[in-house]
There are 2 protein chains.
Amino acid sequence: MWQCQGVIRPAAPATAVRQGSLRELNLAVVLGRIAAAPRPPSRAAVAAATGLTRATVSAVVDDLVAGRLVGESEPAPRTGAGRPARGLVLAGDGPAGLGLEINVDYLAACVVDLAGEVRHHTVRRADLRPVSPADALARLVGLAAAARADAERQGLTLAGAALAVPGLVDAAGLVRLAPNLGWRDVPVPDLLSGHPPLVEPVPGIPALVVENEANLAALGELHAGPDGPVSFLHVSGEVGIGAGIVLDGALFRGVRGWSGEIGHIPVRPDGRPCRCGGRGCLERYAGQEAVLAAAGLDRADLPADTAATRLADLALAEHPATRAALAEAGQALGIAVAGVVNLLDLDTVVLGGGYALLTPWLRPPVLAEVSRRVLTAKWSPVTVRSSALGPEAAVVGAAGSVVRRIVADPVGWLNRTG
Amino acid sequence: MWQCQGVIRPAAPATAVRQGSLRELNLAVVLGRIAAAPRPPSRAAVAAATGLTRATVSAVVDDLVAGRLVGESEPAPRTGAGRPARGLVLAGDGPAGLGLEINVDYLAACVVDLAGEVRHHTVRRADLRPVSPADALARLVGLAAAARADAERQGLTLAGAALAVPGLVDAAGLVRLAPNLGWRDVPVPDLLSGHPPLVEPVPGIPALVVENEANLAALGELHAGPDGPVSFLHVSGEVGIGAGIVLDGALFRGVRGWSGEIGHIPVRPDGRPCRCGGRGCLERYAGQEAVLAAAGLDRADLPADTAATRLADLALAEHPATRAALAEAGQALGIAVAGVVNLLDLDTVVLGGGYALLTPWLRPPVLAEVSRRVLTAKWSPVTVRSSALGPEAAVVGAAGSVVRRIVADPVGWLNRTG
DNA sequence: GCTATTTGTTCAGTGGTTGAATTATTTGAC
DNA sequence: GTCAAATAATTCAACCACTGAACAAATAGC
């Protein structure tokens, strides 16, 4: 056999590999293996899976246990004959991630531990459109402080925080535009600098990452499904429509972090004008306002977060205008998704946010457009399914992004002072 | 400063780092550094850039020189006072990549050395639509043998080959569908197995990779521009329209390698029916047939590879129908590109293949649609430019993909027997 | 209780990097 | 022309982390 098909991936280690990097890399490898294992693995199992020797794995695990990243499970997993294994699990009393979210009609905070368990979750409903950014952030700091106190009561140490915002965020944490909140050029880090820090700083882990909610919601989905797909498109249908793209288990953020603006993909290029300046954007056909209007509902009547529930109720009751509105929205969404799948060759699309509840009615038209328009659909069907977390995906994903970072690169945490 | 914005990138080393991996990784690091340097760097400069010690770099370079991957440049670069540096360059007499291409009306072969120089290039024009896949591949083998002989005459050793095909290729090298060639389910490796091998096998380097031409053309563009962008969309306008997506210097292939089917993104969802089964696909408005028809030309009159030249000539002569046809095609292309940029947040779009010649007329309408429809365009403008390599991008990119792989992971080549 | 079996640890050995000292080679000043 | 300063590259003992084999620990089955 002299032929062989292979992937073209020239991703070399960009950075030099020094003496100590060896241990640093293996800390990440072993920790990642423990995180990915379906059951608590023994040191021997980790050694077999990674190709390291048992001696090395033992040494690495000692470091991880000393750093409160890994613990031994009780009771030990039964294995049959031989000395019983001691199962390794991610520590439930080590570092944790703080997830925060500001949205149109609620604030939320949550804490996720290394193992991915949600250990704290608060949602405070309030219409934030009339509230100034500074005041909104001040309220959020209160939620964060309560979350931190609760986490510490459970023996957890918050190692970093991530804030989900429904808008465009630049690399410095400046919210360039969050139309539904009415924010424009809001410097989140500056506004928070007057408050006590959300978490004690840990080297190598950003104290606060500000990120688009749709991106974090996609990560949340990855986090929720233990053996789900590692590459998918997550579409969040809210007032606007955002998408997060997950490729090989990592969020794809684009050159400046502004990927996923699926709401402004043209689906009717000469159609309805959009406030973005374009015409026929998806948002004008499948966004909350458009669907409510088509269903004959007045959006002033109901808060934004109940719109999806209301639509689902009406659809369930076979309300004709609602059914038609969802069919039209689904078709527009399907046109956009077909383009995305043609471009990126993804095999899974997750409907999240407000769309999660509406999946039963959106899925058929989306699938119809996709199977008609995607060139490769005949060789490999595209799965369209509902989000597991729904509207909570963004906060959970935010907190999860912190712990994912620790698992991927535990050196910062291990080298912390104290 | 307790806040800090960071990228979310949990890409840990999936594989264990063993004792010997240290040297293997540093071979790649040092080689990559030499490849990326604008001028031949000294050992000391490589040490400074990578963080390794001079001692280590010297040892690593010795291995690379012994393996014919690196040489010392003559004359030595002048540096000022002190012992003169010995400049390190990628070897011009070591391994090389063989690039092959089958297209509608030509076969091509080329050889690219480690430094990226094209050392051999042949194009044989012939209408391949009436030729059976087996015969076409047999002719290609002839071209490849000539290329190999020429390469060896120059002291080069072919380490691997890549074949560009205008169609969908699966992981086994099976061409599922190449509509313009009339190919369907053509098992390229099987058909080649009766011929002598294209290259002597090298461990770790696939003897033959079969890949979509648009993907390889995108890589070729990356290869041509020394300090161009590392993330961009490369659109190849031929009979069909394909795109290659390069992210951080690596080709994004999608889950099954079928990414980039931009030709079937819906731009007029209820518009002209497409042979893919959909309606209003970009290809029906900006593909070669559509543009020729709109310009009032009969495509039977001229071979496919001269269509772009002909259109450019007419446009230059201010032929009204041609101008209008290109404006319409550019608008359709702009609608599709706007969707892509909204989704992926890319800042550069390269017009390649037949579009390269037509850029002066396509660029304005594309830019107009993009700036109108891309949400983030006001903060960071999108560059639309012409391909540097034009129609040769795919073969060059194919050959370049082989050498890129060697530079990224030189271990296979170094461990070869002989 | 004995054996087979598997887990986890210990320890000398080794590969590869480190850092300082050394050699090599040039420029520029006196 | 000679010497000092500067930079490049090599040499070598030390050290760090992984390796492999031997060994101790703990259990199931007979």
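Note on naming: letters A, B, ... go to the chains in the order of the sequence lines (proteins, then strands), and numbering restarts at 1 for each one.
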Quiz item: Atom CD of Glu72(A) and atom C1' of dG8(C): how far apart are they, to the nearest Å?
Solution: 10 Å

Quiz item: Rounded to whole angstroms, how far apart are CG on Leu25(A) and C1' on dT17(C)?
Solution: 14 Å

Exercise. Grab the CD-P distance between Glu24(A) and dT17(C) for me, whole Å please.
Key: 15 Å

Quiz item: Nearest to the side chain of Ala55(A) - dA28(D), dT18(C), dC11(C)?
Solution: dC11(C)

Quiz item: Of the nucleotides dA17(D), dT7(C), dA21(D), which has the atom closest to the Arg83(A) side chain?
Solution: dT7(C)

Quiz item: Leu27(B) CG to dG15(C) C1': how many Å, rounded?
Solution: 13 Å

Self-check item: Backbone of Gly92(A) reached by a side-chain donor or acceptor of Arg119(A) within 3.5 Å
Solution: yes

Quiz item: Do Leu198(A) and Leu98(A) touch side chain to side chain, with heavy atoms closer than 4.5 Å?
Solution: yes

Quiz item: Are side-chain heavy atoms of Asp113(B) and Val403(B) found at a separation under 4.5 Å?
Solution: no

Quiz item: Where each residue is assigned the nucleotide of DNA chain D containing its nearest heavy atom, which of Val60(A) and Gly82(A) is assigned the position nearer the 5′ end?
Solution: Val60(A)

Exercise. Would you classify Arg23(B) as touching base, sugar-phosphate or nothing, given that sugar-phosphate means primed atoms plus P, OP1 and OP2, and contacts are heavy atoms under 4.0 Å?
Key: sugar-phosphate

Quiz item: Any side-chain heavy-atom pair from Val407(B) and Arg404(B) closer than 4.5 angstrom?
Solution: no

Quiz item: Under 4.0 Å between a side-chain N/O of Asn26(A) and OP1 or OP2 of dC18(D), yes or no?
Solution: yes

Self-check item: Below 4.0 Å: OP1/OP2 of dA9(D) and any side-chain N or O of Ser42(B)
Solution: yes

Quiz item: Want to settle it: does Ser58(A) or Leu22(B) sit nearer the 5' end of DNA chain C, counting the closest nucleotide to each?
Solution: Ser58(A)

Practice problem: Go through dA22(D), dT27(D), dG20(D) for me and flag the one nearest to the Arg54(A) side chain. | Solution: dA22(D)

Practice problem: With DNA chain C as reference, determine whether Arg43(A) or Thr56(B) sits nearer its 5' end, using the nearest nucleotide of each. | Solution: Arg43(A)

Quiz item: Reckon Thr53(B) has a side-chain N or O less than 4.0 Å from the OP1 or OP2 of dT17(C)?
Solution: no

Practice problem: Determine: side-chain N/O of Arg18(A) to OP1/OP2 of dG19(C), distance under 4.0 Å, yes or no. | Solution: yes

Quiz item: Rounded to whole angstroms, how far apart are CZ on Arg86(B) and C1' on dT25(C)?
Solution: 11 Å

Self-check item: Atom pair CD (Glu200(B)) and CD (Glu152(B)), whose distance is rounded to the nearest 0.5 Å
Solution: 8.0 Å

